[in-house]
Enquirer: 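Below is the structure I would like to discuss, written out as structure tokens.
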Amino acid sequence: MLHSRFFMLIACSAVLLTCAVWGRVLRVSYIGCFVDDRDRDLNGLADITAIGAESVGKKFTKNSGMTIEFCGDFCSLGGFTYFGLQNQQYCLCGWSYGRHGKSTETDCNHPCSGNSSQMCGGVWLNSVFSLTYPKMSCFKQSKMPNLTVSSTLPTSWSLAAQTALDCLILCEASADCQAVIFSGQQRLCHLLRFTYPPASLSSTDGDYFVRG
Ligand SMILES: *[C@@H]1O[C@H](CO)[C@@H](O)[C@H](O)[C@H]1NC(C)=O
Ligand SMILES: *[C@@H]1O[C@H](CO)[C@@H](O)[C@H](O)[C@H]1NC(C)=O
């Protein structure tokens, strides 16, 4: 088992350079119009206060240029499987949806603030979409992003690893891992919950790989 994983990653590393640079989403599919509540249906951003330049509060980010593409890209930074658009300009991410029930399709009729030919839910209503990722990951080495994630809970964890490949295998084994920083000197693998590192790791001396 360990061997087959090892060889999959080797095979994958041969195509590392062709990994999609725009992210790892295979497919975005519309699911439907769902009811929301103060106790958010899509609650994946509960502990997050900022992702890159977007501030997050009360489990959502909000802006006047909201589109389906923006919210999908944003939620894919955390590897979330679902995202929801609400009331023209709100974007929410999560691992499940539907706790508060489904609404009538035509109720999600608020145009998105960034593209009026797209629908972004309604008042306390989410237009819910799914994000599909490839079964097997590809890792692309790149420059450490100059953007960070801020959170009230840790968004990284560290494990011992002898080589960068060991570090990638650890990341591949966890759905929560979107990128790694491998510190060869310390033989330490920092696994990141989001594509961006927390500020505490942003100047770590190591090799950064993003899951693609
Ligand atoms: C706005 O959304 C429509 C429907 O999804 C899409 O076809 C169009 O390309 C979008 N416009 C822009 C400027 O992205
Ligand atoms: C961060 O990186 C992006 C792209 O790599 C670049 O366009 C931007 O100017 C950088 N911002 C800062 C503050 O360094």
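Read the numbers this way: they start at 1 and go in the same order the structure lists the ligands and their atoms. Computed from a predicted structure; not experimentally measured. In what follows, every heavy atom counts, from backbone to side chain, and hydrogens, waters and symmetry copies are set aside.
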Enquirer: Scan side-chain atoms only and decide if Ser174 and Asp176 contain a donor-acceptor pair under the 3.5 Å cut-off.
Expert: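 The criterion, which ignores hydrogens and geometry beyond distance, is not satisfied for Asp176 and Ser174.
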Enquirer: Would you say Ser113's side chain and Ser64's backbone share a donor-acceptor pair under 3.5 angstrom?
Expert: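 At least one qualifying donor-acceptor pair exists.
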Enquirer: Counting the benzene-type ring for Trp, do Trp95 and Tyr82 have ring centres under 6.0 Å apart?
Expert: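 Not close enough - the centres of the two rings lie 6.0 Å or further apart.
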Enquirer: Kindly tell me which protein residues have any non-hydrogen atom under 4.0 angstrom away from an atom of ligand 1, grouped by chain and ordered by number?
Expert: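 The answer is Asn115, Ser117, Gln118, counting any residue whose heavy atom sits under 4.0 Å from ligand 1.
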Enquirer: In terms of side-chain heavy atoms, does His190 have a donor or acceptor partner in Ser156 at a distance below 3.5 Å?
Expert: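 No.
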Enquirer: Looking at Lys143 and Asp207, does any basic side-chain N land under 4.0 Å from a carboxylate oxygen?
Expert: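 Salt bridge between Lys143 and Asp207, a charged N being under 4.0 Å from a carboxylate O: no.
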Enquirer: Under 4.5 Å between any side-chain heavy atoms of Asp107 and Lys102, yes or no?
Expert: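 They are not in side-chain contact.
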